[in-house]
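For clarity, every value in this text was computed on a predicted model and none was experimentally measured. Atom set for the values below is all heavy atoms of this structure, side chains included, hydrogens, waters and symmetry mates excluded.
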Amino acid sequence: MKRFFRRYIGFTRCAIEEKMAYKKGFFFNGTSQLISIFGSILLWRVLFLEQSTIQGYNWDQMILYALITSMLNATLSFSTEMKLSGKIRDGSVASDLTKPIDFQNMCFFEALGQSLVEGGNAAAIVLIIAVLFTDLSPYLSPLNLLLFFFSVLLAFLLKFSLTYIAGLLGFFTSNGYGIAYFRQVITDIFSGAMLPLSFFPRWFQALSGVLPFQASVYLPTQIFLGRITGAEVFRTLGLQVLWVIAMWVLGKILFGFAVRKVTIQGG
């Protein structure tokens, strides 16, 4: 295990250094997230003027839902598949494929480095706003925080697998950027990132329930807000684990097909 981490942790370190090197991009990402969050708060403030709850969510729960989804989305953006698509497009992926390492593990540790920077920045912003605009005390029990942390970890692993699979599809097309944006739109809709899934019609909720996307955003928020309790929490975590395993294995299988169809464009 120690040897394994020594082999791959360098990719994480390089990704962190790369992210921190672009200070202007770091600043603008944080600024755009702040604007987006305050836009959501203003929107919900207007909607809550006439009622105390919306679809079972009170003010604190709705704002916390918006903050958590914003943090989860920022923790692993679509930069993973965009970076992989760029490597495929310019041919630099060839050098990665010749390295004596597992390609999927390499991509994961690179994504981990990016996420530590983006996620740390997002978590700080979200925590400050949550303290200013909501009452966090009902949700800060050690057990609730532990379950939420574990759920977020699984959500990260799942979202990486989804972005990695989308990135691999770039091997089958000359331009993977469209695939990346399509994946992002589908994920935002079916994961509950745009609105809680309970706001949608029952048929949409049923469809979302058989897709992996809700396990990357919606389920962690429900655990934090206490809307999933008791034994249902462990069933939810079990579902996340199953989706993580299934998508990771699917990524392995797809990679096996993808490398057979490598067409390098450029140098």
Side-chain angles (χ1 to χ4, degrees), residues 1 4 8 11-12 68-69 72-73 75-85 88 97 101-112 114-115 119 146-173 176 179-194 196-198 200 203-224 228 231-261:
M1 183 63 70
F4 172 84
Y8 292 102
F11 294 106
T12 301
I68 294 170
T69 56
L72 292 174
N73 277 341
T75 299
L76 205 161
S77 63
F78 65 90
S79 59
T80 299
E81 68 253 58
M82 292 289 278
K83 185 175 182 179
L84 180 52
S85 296
I88 296 169
L97 294 176
I101 55 175
D102 184 274
F103 186 75
Q104 188 170 6
N105 289 342
M106 183 197 73
C107 291
F108 171 76
F109 278 91
E110 284 183 343
L112 178 61
Q114 296 170 6
S115 298
L146 179 62
L147 293 171
F148 174 65
F149 176 79
F150 186 53
S151 182
V152 168
L153 177 60
L154 293 172
F156 169 75
L157 292 171
L158 174 59
K159 196 168 182 183
F160 163 75
S161 293
L162 293 172
T163 57
Y164 175 71
I165 289 170
L168 288 179
L169 294 177
F171 281 105
F172 301 91
T173 178
I179 295 173
Y181 282 111
F182 179 74
R183 194 280 309 161
Q184 185 183 24
V185 170
I186 293 298
T187 300
D188 285 347
I189 293 173
F190 287 100
S191 69
M194 298 177 66
L197 295 178
S198 58
F200 290 91
W203 66 265
F204 186 90
Q205 295 179 45
L207 177 60
S208 300
V210 298
L211 297 174
F213 307 107
Q214 66 163 348
S216 67
V217 174
Y218 184 70
L219 297 183
T221 63
Q222 300 306 287
I223 289 175
F224 181 81
I228 298 177
E232 187 63 27
V233 173
F234 297 99
R235 283 195 289 269
T236 298
L237 294 174
L239 177 64
Q240 285 185 282
V241 170
L242 289 175
W243 276 123
V244 168
I245 294 173
M247 293 298 104
W248 190 275
V249 171
L250 180 59
K252 291 279 188 187
I253 295 172
L254 184 59
F255 177 76
F257 286 104
V259 292
R260 299 173 194 169
K261 294 187 68 68

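Here the shortest heavy-atom pairing between Pro212 and Leu158 reads O-CD2, 3.2 Å. Annotation for Leu72 and Pro220: closest pair CD1-CB, 4.2 Å, computed over non-hydrogen atoms.
Expressed to the nearest 0.5 Å, how far OG1 of Thr12 lies from CE of Met106 amounts to 11.5 Å. Here the OG1-CG distance, from Thr69 to Asp188, works out to 9.5 Å after rounding to the nearest 0.5 Å. Taking OG of Ser191 as the start and CG of Leu211 as the end, the distance is 11.0 Å to the nearest 0.5 Å. Rounded to the nearest 0.5 angstrom, Leu197 CG and Ser208 OG are separated by 4.5 Å.
Inter-residue side-chain proximity for Phe156 and Phe108 is flagged as met; some heavy-atom pair is nearer than 4.5 Å. In this structure, Val217 and Thr187 have side chains that are not in contact, with every pair of non-hydrogen atoms separated by 4.5 Å or more. Two residues are said to be in side-chain contact when any heavy atoms from C-beta on lie closer than 4.5 Å; Leu254 and Leu169 meet this criterion. Residues Thr163 and Arg183 meet the side-chain proximity criterion, which asks for heavy atoms closer than 4.5 Å. The side-chain heavy atoms of Leu162 and Met247, taken from C-beta on, include a pair separated by under 4.5 Å. Between Phe148 and Ile68, the closest side-chain pair of non-hydrogen atoms falls below 4.5 Å. With contacts defined as side-chain heavy-atom distances shorter than 4.5 Å, the pair Gln214/Leu239 qualifies.
Looking at Ser161, its side chain does come within 3.5 Å of a backbone N or O of Leu157 through a donor-acceptor pair. Looking only at distances, a side-chain donor or acceptor of Gln240 sits under 3.5 Å from a matching main-chain atom of Ala215. Although no hydrogens or angles enter the test, the distance criterion places no donor-acceptor pair under 3.5 Å between the side chain of Tyr218 and the main chain of Phe190. Side-chain atoms of Ser151 do not come within 3.5 Å of backbone N or O of Leu147 as any donor-acceptor pair.
Evaluated for a ring pair (Phe, Tyr, Trp, His ring centres under 6.0 Å) with Trp248, the options Tyr164, Phe160, Trp243 yield exactly one hit, Phe160. For the side-chain contact (heavy atoms from CB on, under 4.5 Å) with Leu237, the qualifying choice from Leu219, Ile223, Leu242 is Ile223, the only one to do so.
Between Lys252 and Asp102 there is a salt bridge, with a side-chain nitrogen of the basic residue lying less than 4.0 Å from a carboxylate oxygen of the acidic one.
More than 12 non-hydrogen atoms from other residues, nucleotides or ligands lie less than 6.0 angstrom from CZ of Phe204. Surrounding CZ of Phe200 are more than 12 heavy atoms belonging to other residues, nucleotides or ligands, all under 6.0 Å away.
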Requested in this report: Might you work through the ring-ring contact (aromatic ring centres under 6.0 Å, His included) test for Phe109 and Phe11, ending with a clear yes or no?
Outcome: CA-CA 6 Å; Phe109 278 91; Phe11 294 106; 8.1 Å; no

